[in-house]
Amino acid sequence: MYIVPEREIATLMTRDAAFDAVEKVFAAMAAQDAYNFPVIREAIGHEDALYGFKGGFDKAGLTLGLKAGGYWPHNLEKRGEINHQSTVFLFDPDTGKAKAMVGGNLLTALRTAAASSVSIKHLARKDAKVLGMIGAGHQATFQLRAALETGTFEKVIGWNYHPDMLPNIEKVAGEAGVPFEAVALEGMTQADVIISITSAFAPSLMAAHVSAGTHIACMGTDTKGKQEVEAALLARATVFTDEVAQSISIGEAQHAIADGLIKESDVAQLGAVINGTHAGRTGDDEITLFDGTGVGLQDLAVAASVVDLAIEKGIAIEVDF
Ligand code: NAD
(Lines give C-alpha, C1' and ligand atoms only; values in the text may rest on other atoms or scores of the structure.)
Protein backbone atom coordinates (compact mmCIF):
# COMPACT_ATOMS: atom_id res chain seq x y z
CA MET A 1 0.00 0.00 0.00
CA TYR A 2 0.97 3.62 -0.41
CA ILE A 3 1.26 6.39 2.16
CA VAL A 4 0.94 10.04 1.16
CA PRO A 5 1.75 12.17 4.23
CA GLU A 6 -0.04 15.41 5.01
CA ARG A 7 3.16 17.41 4.42
CA GLU A 8 3.20 16.37 0.72
CA ILE A 9 -0.39 17.30 -0.13
CA ALA A 10 0.20 21.04 -0.68
CA THR A 11 2.77 20.51 -3.41
CA LEU A 12 0.93 17.58 -5.03
CA MET A 13 -2.70 18.58 -5.18
CA THR A 14 -3.80 21.26 -7.58
CA ARG A 15 -7.12 23.06 -7.42
CA ASP A 16 -7.82 21.82 -10.98
CA ALA A 17 -7.34 18.20 -9.93
CA ALA A 18 -9.61 18.73 -6.91
CA PHE A 19 -12.25 20.37 -9.13
CA ASP A 20 -12.21 17.49 -11.65
CA ALA A 21 -12.34 14.83 -8.92
CA VAL A 22 -15.33 16.49 -7.18
CA GLU A 23 -17.21 17.21 -10.41
CA LYS A 24 -16.81 13.56 -11.49
CA VAL A 25 -17.92 12.10 -8.17
CA PHE A 26 -21.00 14.39 -7.97
CA ALA A 27 -21.91 13.13 -11.44
CA ALA A 28 -21.38 9.50 -10.37
CA MET A 29 -23.56 10.02 -7.26
CA ALA A 30 -26.42 11.39 -9.37
CA ALA A 31 -26.07 8.49 -11.83
CA GLN A 32 -26.30 6.13 -8.81
CA ASP A 33 -22.84 4.79 -9.59
CA ALA A 34 -21.52 6.06 -6.25
CA TYR A 35 -23.02 6.20 -2.79
CA ASN A 36 -22.07 7.43 0.66
CA PHE A 37 -22.25 5.16 3.69
CA PRO A 38 -24.04 6.33 6.84
CA VAL A 39 -21.88 8.83 8.73
CA ILE A 40 -20.62 7.96 12.22
CA ARG A 41 -19.90 10.90 14.54
CA GLU A 42 -19.15 10.40 18.22
CA ALA A 43 -18.22 12.59 21.16
CA ILE A 44 -15.55 10.23 22.52
CA GLY A 45 -15.44 11.68 26.04
CA HIS A 46 -11.72 12.47 25.80
CA GLU A 47 -10.17 15.88 25.06
CA ASP A 48 -13.71 17.06 24.19
CA ALA A 49 -13.09 15.50 20.79
CA LEU A 50 -15.67 14.73 18.12
CA TYR A 51 -14.52 11.77 16.04
CA GLY A 52 -16.14 9.97 13.14
CA PHE A 53 -16.06 8.21 9.77
CA LYS A 54 -17.36 9.24 6.38
CA GLY A 55 -17.13 6.48 3.79
CA GLY A 56 -18.47 5.42 0.45
CA PHE A 57 -17.97 3.52 -2.77
CA ASP A 58 -17.69 4.98 -6.24
CA LYS A 59 -18.27 2.16 -8.71
CA ALA A 60 -17.53 4.44 -11.65
CA GLY A 61 -14.15 5.59 -10.31
CA LEU A 62 -13.52 2.32 -8.39
CA THR A 63 -12.82 4.25 -5.19
CA LEU A 64 -13.66 2.57 -1.89
CA GLY A 65 -12.73 3.85 1.54
CA LEU A 66 -13.35 6.26 4.36
CA LYS A 67 -12.16 9.44 5.99
CA ALA A 68 -11.58 9.07 9.71
CA GLY A 69 -11.16 12.15 11.85
CA GLY A 70 -12.85 15.01 13.57
CA TYR A 71 -12.35 17.98 15.83
CA TRP A 72 -10.00 18.23 18.81
CA PRO A 73 -10.74 21.69 20.27
CA HIS A 74 -7.60 21.91 22.47
CA ASN A 75 -4.99 20.84 19.90
CA LEU A 76 -3.83 24.31 18.98
CA GLU A 77 -3.53 25.77 22.45
CA LYS A 78 -2.06 22.61 24.07
CA ARG A 79 0.11 21.15 21.31
CA GLY A 80 0.37 23.63 18.46
CA GLU A 81 -1.49 21.17 16.19
CA ILE A 82 -4.55 22.17 14.16
CA ASN A 83 -7.92 21.32 15.70
CA HIS A 84 -9.42 19.53 12.67
CA GLN A 85 -7.57 16.26 12.04
CA SER A 86 -8.38 13.63 9.43
CA THR A 87 -6.87 10.76 7.45
CA VAL A 88 -8.27 9.05 4.35
CA PHE A 89 -7.96 5.29 3.90
CA LEU A 90 -8.52 3.75 0.45
CA PHE A 91 -9.12 0.07 -0.25
CA ASP A 92 -8.91 -2.03 -3.41
CA PRO A 93 -12.58 -2.70 -4.31
CA ASP A 94 -11.60 -5.96 -6.06
CA THR A 95 -9.88 -7.51 -3.04
CA GLY A 96 -10.63 -5.40 0.04
CA LYS A 97 -6.91 -4.95 0.62
CA ALA A 98 -5.67 -1.61 1.98
CA LYS A 99 -4.48 0.54 -0.91
CA ALA A 100 -3.49 3.90 0.52
CA MET A 101 -3.38 6.11 3.60
CA VAL A 102 -3.50 9.82 2.84
CA GLY A 103 -3.31 12.98 5.00
CA GLY A 104 -6.82 14.45 4.94
CA ASN A 105 -6.52 17.91 6.50
CA LEU A 106 -5.63 20.07 3.50
CA LEU A 107 -7.62 17.78 1.20
CA THR A 108 -10.79 18.56 3.19
CA ALA A 109 -10.39 22.28 2.55
CA LEU A 110 -9.57 21.73 -1.13
CA ARG A 111 -12.50 19.40 -1.78
CA THR A 112 -14.91 21.76 0.00
CA ALA A 113 -13.66 24.69 -2.06
CA ALA A 114 -13.89 22.58 -5.21
CA ALA A 115 -17.56 21.84 -4.48
CA SER A 116 -18.60 25.50 -4.48
CA SER A 117 -16.53 26.11 -7.62
CA VAL A 118 -18.27 23.20 -9.37
CA SER A 119 -21.62 24.74 -8.37
CA ILE A 120 -20.51 28.14 -9.74
CA LYS A 121 -19.49 26.56 -13.05
CA HIS A 122 -22.82 24.80 -13.51
CA LEU A 123 -25.29 27.23 -11.89
CA ALA A 124 -23.99 30.81 -11.91
CA ARG A 125 -24.75 33.24 -14.72
CA LYS A 126 -21.96 33.19 -17.30
CA ASP A 127 -21.58 36.99 -16.99
CA ALA A 128 -21.02 36.88 -13.18
CA LYS A 129 -18.44 39.52 -12.18
CA VAL A 130 -18.92 40.34 -8.48
CA LEU A 131 -18.22 37.65 -5.88
CA GLY A 132 -19.64 38.11 -2.38
CA MET A 133 -17.99 36.34 0.56
CA ILE A 134 -19.73 35.71 3.88
CA GLY A 135 -17.15 34.31 6.27
CA ALA A 136 -13.44 34.98 6.68
CA GLY A 137 -12.17 31.95 8.59
CA HIS A 138 -9.95 29.05 7.57
CA GLN A 139 -12.25 27.58 4.91
CA ALA A 140 -13.20 30.98 3.49
CA THR A 141 -9.68 31.57 2.20
CA PHE A 142 -9.74 28.26 0.28
CA GLN A 143 -13.24 28.95 -1.05
CA LEU A 144 -12.22 32.37 -2.32
CA ARG A 145 -8.95 31.18 -3.89
CA ALA A 146 -10.73 28.40 -5.80
CA ALA A 147 -13.57 30.69 -6.94
CA LEU A 148 -11.13 33.35 -8.18
CA GLU A 149 -9.27 30.70 -10.18
CA THR A 150 -12.33 30.37 -12.40
CA GLY A 151 -11.15 33.73 -13.75
CA THR A 152 -14.61 35.24 -14.10
CA PHE A 153 -14.65 37.61 -11.11
CA GLU A 154 -13.53 41.24 -11.30
CA LYS A 155 -14.40 42.30 -7.74
CA VAL A 156 -14.79 40.66 -4.33
CA ILE A 157 -17.06 42.05 -1.63
CA GLY A 158 -16.98 40.60 1.88
CA TRP A 159 -18.91 40.58 5.13
CA ASN A 160 -17.98 38.72 8.30
CA TYR A 161 -19.62 38.45 11.71
CA HIS A 162 -16.18 39.19 13.20
CA PRO A 163 -15.01 42.14 11.06
CA ASP A 164 -11.44 41.86 12.40
CA MET A 165 -11.08 38.63 10.37
CA LEU A 166 -11.85 40.28 7.01
CA PRO A 167 -8.15 40.88 6.19
CA ASN A 168 -7.84 37.07 5.80
CA ILE A 169 -9.94 37.17 2.63
CA GLU A 170 -8.81 40.61 1.52
CA LYS A 171 -5.29 39.14 1.34
CA VAL A 172 -6.44 36.27 -0.92
CA ALA A 173 -8.25 38.69 -3.26
CA GLY A 174 -5.11 40.87 -3.34
CA GLU A 175 -2.91 37.88 -4.23
CA ALA A 176 -5.23 37.18 -7.17
CA GLY A 177 -5.09 40.85 -8.22
CA VAL A 178 -8.82 41.36 -7.65
CA PRO A 179 -10.08 44.44 -5.75
CA PHE A 180 -11.78 43.82 -2.39
CA GLU A 181 -14.41 45.85 -0.58
CA ALA A 182 -15.88 45.21 2.88
CA VAL A 183 -19.65 45.71 2.79
CA ALA A 184 -22.70 45.58 5.05
CA LEU A 185 -24.99 42.59 4.46
CA GLU A 186 -27.30 44.92 2.50
CA GLY A 187 -24.37 45.47 0.11
CA MET A 188 -24.53 41.80 -0.94
CA THR A 189 -27.24 42.83 -3.46
CA GLN A 190 -24.26 43.81 -5.71
CA ALA A 191 -23.05 40.20 -5.86
CA ASP A 192 -23.62 37.87 -8.82
CA VAL A 193 -22.32 34.93 -6.77
CA ILE A 194 -22.24 34.61 -2.97
CA ILE A 195 -20.26 32.00 -1.05
CA SER A 196 -21.26 31.58 2.57
CA ILE A 197 -18.84 29.63 4.79
CA THR A 198 -19.34 30.25 8.49
CA SER A 199 -20.01 28.18 11.60
CA ALA A 200 -23.17 30.18 12.42
CA PHE A 201 -26.26 28.80 14.15
CA ALA A 202 -28.44 31.73 13.07
CA PRO A 203 -28.90 33.25 9.61
CA SER A 204 -26.91 36.29 8.49
CA LEU A 205 -27.85 36.46 4.80
CA MET A 206 -31.53 37.33 4.40
CA ALA A 207 -33.64 36.93 1.27
CA ALA A 208 -33.72 40.74 0.94
CA HIS A 209 -29.88 40.82 0.71
CA VAL A 210 -29.88 38.84 -2.56
CA SER A 211 -30.63 40.17 -6.04
CA ALA A 212 -32.45 38.29 -8.79
CA GLY A 213 -30.06 36.17 -10.86
CA THR A 214 -27.57 35.49 -8.05
CA HIS A 215 -26.02 32.09 -7.36
CA ILE A 216 -25.39 31.30 -3.69
CA ALA A 217 -23.14 28.50 -2.45
CA CYS A 218 -23.96 27.75 1.21
CA MET A 219 -20.95 25.78 2.41
CA GLY A 220 -20.86 26.18 6.20
CA THR A 221 -23.94 24.29 7.37
CA ASP A 222 -22.99 20.65 7.85
CA THR A 223 -24.66 19.85 11.19
CA LYS A 224 -28.14 19.90 12.67
CA GLY A 225 -28.89 23.37 14.04
CA LYS A 226 -26.35 25.34 11.98
CA GLN A 227 -27.80 28.00 9.67
CA GLU A 228 -26.26 30.68 7.45
CA VAL A 229 -29.13 32.03 5.35
CA GLU A 230 -32.77 32.87 5.96
CA ALA A 231 -35.05 29.91 5.22
CA ALA A 232 -37.20 32.21 3.04
CA LEU A 233 -34.22 32.51 0.67
CA LEU A 234 -34.46 28.79 -0.12
CA ALA A 235 -38.15 29.24 -0.92
CA ARG A 236 -37.20 32.05 -3.33
CA ALA A 237 -34.36 30.07 -4.93
CA THR A 238 -33.99 26.91 -7.00
CA VAL A 239 -32.16 24.61 -4.60
CA PHE A 240 -29.39 22.14 -5.49
CA THR A 241 -27.16 20.04 -3.27
CA ASP A 242 -24.44 17.42 -3.19
CA GLU A 243 -26.69 14.87 -1.43
CA VAL A 244 -30.41 15.40 -0.84
CA ALA A 245 -30.61 13.28 2.34
CA GLN A 246 -27.89 15.40 3.98
CA SER A 247 -29.23 18.70 2.67
CA ILE A 248 -32.63 18.23 4.28
CA SER A 249 -31.31 16.85 7.58
CA ILE A 250 -27.98 18.58 8.33
CA GLY A 251 -27.62 21.10 5.51
CA GLU A 252 -29.03 24.55 4.95
CA ALA A 253 -32.33 23.09 3.64
CA GLN A 254 -33.10 21.55 7.07
CA HIS A 255 -34.70 24.85 8.20
CA ALA A 256 -36.79 25.56 5.09
CA ILE A 257 -38.03 21.94 5.22
CA ALA A 258 -38.86 22.19 8.95
CA ASP A 259 -40.72 25.47 8.33
CA GLY A 260 -42.70 23.85 5.50
CA LEU A 261 -41.33 26.39 2.98
CA ILE A 262 -39.93 23.76 0.60
CA LYS A 263 -40.29 19.99 0.14
CA GLU A 264 -37.61 17.33 -0.31
CA SER A 265 -38.60 17.11 -3.99
CA ASP A 266 -37.64 20.79 -4.40
CA VAL A 267 -33.97 19.93 -3.74
CA ALA A 268 -32.06 18.58 -6.77
CA GLN A 269 -28.64 16.96 -7.02
CA LEU A 270 -25.96 19.12 -8.62
CA GLY A 271 -24.61 15.90 -10.17
CA ALA A 272 -27.81 15.55 -12.21
CA VAL A 273 -27.19 19.01 -13.67
CA ILE A 274 -23.61 17.96 -14.49
CA ASN A 275 -24.96 14.80 -16.17
CA GLY A 276 -27.56 16.79 -18.11
CA THR A 277 -30.44 14.80 -16.59
CA HIS A 278 -31.82 17.78 -14.60
CA ALA A 279 -32.15 21.41 -15.59
CA GLY A 280 -29.73 23.84 -13.99
CA ARG A 281 -30.30 27.61 -14.21
CA THR A 282 -33.22 28.33 -16.53
CA GLY A 283 -33.07 32.13 -16.68
CA ASP A 284 -30.96 35.20 -15.87
CA ASP A 285 -33.34 36.30 -13.09
CA GLU A 286 -33.43 32.96 -11.31
CA ILE A 287 -31.73 32.65 -7.91
CA THR A 288 -29.87 29.35 -7.63
CA LEU A 289 -28.64 28.01 -4.29
CA PHE A 290 -26.18 25.16 -3.76
CA ASP A 291 -26.40 23.55 -0.33
CA GLY A 292 -22.92 22.02 0.02
CA THR A 293 -23.07 19.67 2.98
CA GLY A 294 -19.84 17.75 2.34
CA VAL A 295 -19.85 14.02 1.59
CA GLY A 296 -17.29 11.28 2.17
CA LEU A 297 -17.09 10.50 -1.54
CA GLN A 298 -15.59 13.96 -2.12
CA ASP A 299 -12.78 13.07 0.29
CA LEU A 300 -12.18 9.71 -1.37
CA ALA A 301 -12.19 11.29 -4.83
CA VAL A 302 -9.52 13.88 -4.03
CA ALA A 303 -7.48 11.34 -2.04
CA ALA A 304 -7.49 8.90 -4.98
CA SER A 305 -6.41 11.72 -7.26
CA VAL A 306 -3.55 12.72 -4.94
CA VAL A 307 -2.35 9.10 -4.65
CA ASP A 308 -2.11 8.91 -8.48
CA LEU A 309 -0.15 12.18 -8.53
CA ALA A 310 2.15 10.99 -5.70
CA ILE A 311 2.90 7.70 -7.48
CA GLU A 312 3.54 9.55 -10.76
CA LYS A 313 6.00 11.93 -9.04
CA GLY A 314 7.71 9.20 -7.00
CA ILE A 315 6.60 10.78 -3.71
CA ALA A 316 4.21 8.05 -2.49
CA ILE A 317 5.81 5.89 0.22
CA GLU A 318 5.27 2.24 -0.64
CA VAL A 319 5.00 -0.18 2.29
CA ASP A 320 4.63 -3.93 2.33
CA PHE A 321 1.39 -4.36 4.28
P1 NAD B 1 -13.39 29.05 11.30
O2 NAD B 1 -13.57 28.86 12.76
O3 NAD B 1 -12.03 29.25 10.76
O4 NAD B 1 -14.28 30.30 10.82
C5 NAD B 1 -15.60 30.46 11.30
C6 NAD B 1 -16.30 31.55 10.50
O7 NAD B 1 -17.64 31.65 10.98
C8 NAD B 1 -15.67 32.92 10.70
O9 NAD B 1 -15.81 33.67 9.52
C10 NAD B 1 -16.51 33.52 11.82
O11 NAD B 1 -16.49 34.92 11.86
C12 NAD B 1 -17.88 33.00 11.41
N13 NAD B 1 -18.84 33.00 12.52
C14 NAD B 1 -18.65 32.52 13.78
N15 NAD B 1 -19.77 32.70 14.51
C16 NAD B 1 -20.67 33.32 13.70
C17 NAD B 1 -22.01 33.77 13.86
N18 NAD B 1 -22.64 33.64 15.01
N19 NAD B 1 -22.63 34.34 12.79
C20 NAD B 1 -22.01 34.48 11.60
N21 NAD B 1 -20.74 34.05 11.38
C22 NAD B 1 -20.09 33.49 12.42
O23 NAD B 1 -14.12 27.80 10.63
P24 NAD B 1 -13.85 27.18 9.20
O25 NAD B 1 -12.83 26.11 9.32
O26 NAD B 1 -13.67 28.27 8.22
O27 NAD B 1 -15.25 26.44 8.93
C28 NAD B 1 -16.42 27.19 8.64
C29 NAD B 1 -17.61 26.25 8.57
O30 NAD B 1 -17.48 25.37 7.46
C31 NAD B 1 -17.80 25.34 9.78
O32 NAD B 1 -19.17 25.36 10.13
C33 NAD B 1 -17.40 23.97 9.27
O34 NAD B 1 -18.06 22.93 9.95
C35 NAD B 1 -17.89 24.08 7.83
N36 NAD B 1 -17.30 23.11 6.89
C37 NAD B 1 -18.12 22.61 5.94
C38 NAD B 1 -17.62 21.71 5.02
C39 NAD B 1 -18.51 21.18 3.93
O40 NAD B 1 -18.13 20.25 3.22
N41 NAD B 1 -19.67 21.75 3.72
C42 NAD B 1 -16.28 21.30 5.07
C43 NAD B 1 -15.45 21.85 6.05
C44 NAD B 1 -15.98 22.77 6.97
Side-chain angles (χ1 to χ4, degrees), residues 1-2 4 9 12-40 53-68 86-104 106-123 146 150 217 219 222 240-248 251 264 267-280 290-312 316:
M1 71 176 271
Y2 293 102
V4 185
I9 307 292
L12 280 172
M13 194 63 182
T14 63
R15 269 179 290 278
D16 277 353
F19 184 100
D20 288 348
V22 170
E23 188 179 46
K24 274 203 188 88
V25 83
F26 281 173
M29 280 163 59
Q32 316 228 318
D33 280 335
Y35 72 108
N36 291 288
F37 304 158
V39 174
I40 306 278
F53 312 109
K54 277 186 166 186
F57 179 43
D58 176 359
K59 222 190 291 179
L62 286 182
T63 312
L64 173 70
L66 59 93
K67 177 168 88 168
S86 64
T87 307
V88 179
F89 297 88
L90 298 175
F91 298 86
D92 182 338
D94 296 336
T95 61
K97 286 186 68 168
K99 192 168 160 186
M101 179 169 119
V102 186
L106 180 57
L107 282 182
T108 300
L110 292 174
R111 66 79 149 145
T112 307
S116 65
S117 287
V118 170
S119 85
I120 292 168
K121 172 181 164 190
H122 291 279
L123 295 172
T150 62
M219 305 305 297
D222 55 1
F240 300 86
T241 187
D242 40 22
E243 188 172 273
V244 176
Q246 287 202 169
S247 169
I248 63 170
E264 179 174 344
V267 183
Q269 268 187 300
L270 176 58
V273 178
I274 297 168
N275 289 335
T277 55
H278 191 286
F290 173 63
D291 186 6
T293 62
V295 293
L297 281 169
Q298 275 171 268
D299 297 298
L300 305 188
V302 289
S305 172
V306 95
V307 170
D308 289 346
L309 289 166
I311 292 171
E312 200 181 296

Distance from [X] atom [atom1] to [Y] atom [atom2], nearest 0.5 Å?
X      : Y      : atom1 : atom2 : value
Leu300 : Leu66  : CG    : CG    : 7.5 Å
Leu270 : Glu23  : CG    : CD    : 8.5 Å
Phe19  : Arg111 : CZ    : CZ    : 15.5 Å
Phe37  : Leu64  : CZ    : CG    : 5.5 Å
Thr241 : Gln269 : OG1   : CD    : 8.0 Å
Gln298 : Thr293 : CD    : OG1   : 7.5 Å

CA sep, side-chain torsions, deciding dist, call: Leu107, Val306, side-chain contact (heavy atoms from CB on, under 4.5 Å): CA-CA 9 Å; Leu107 282 182; Val306 95; 4.3 Å; yes
Residues in side chain to side chain donor-acceptor pair (under 3.5 Å) contact with Lys54, at least two apart in sequence or another chain: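 Side chain to side chain donor-acceptor pair (under 3.5 Å) check on Lys54 returns nothing, list empty.
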Do you know which two heavy atoms are closest between [X] and [Y], and how far apart they sit?
X      : Y      : answer
Asn275 : Ala30  : ND2-CB, 3.8 Å
Gly280 : Val273 : CA-CG1, 3.7 Å
Gly251 : Asp291 : C-OD2, 3.6 Å
Tyr2   : Ile311 : CE1-CD1, 3.5 Å
Gly56  : Leu297 : C-CD2, 3.9 Å
Ala100 : Val307 : CB-CG2, 3.7 Å

Could you walk me through whether Val25 and Val295 pass the side-chain contact (heavy atoms from CB on, under 4.5 Å) test, one step at a time? CA-CA 10 Å; Val25 83; Val295 293; 5.8 Å; no
Taking ring pair (Phe, Tyr, Trp, His ring centres under 6.0 Å) as the definition, give me every residue that meets it alongside Phe89, ordered by chain and number, with sequence neighbours left out.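 Listed in chain order: nothing, the list is empty.
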Please check: side-chain N/O of [X] versus main-chain N/O of [Y], any donor-acceptor pairing under 3.5 Å?
X      : Y      : value
Asp92  : Lys99  : no
Thr277 : Ala272 : yes
Ser86  : Lys67  : no
Thr14  : Ala17  : yes

Pairwise side-chain contact, [X] with [Y], heavy-atom cut-off 4.5 Å (strictly under):
X      : Y      : result
Gln246 : Val39  : yes
Leu110 : Val302 : no
Phe290 : Met219 : yes
Ser119 : Phe240 : no
Asp299 : Thr108 : yes
Thr150 : Lys121 : no
Ile9   : Val102 : yes
Met29  : Asn36  : yes

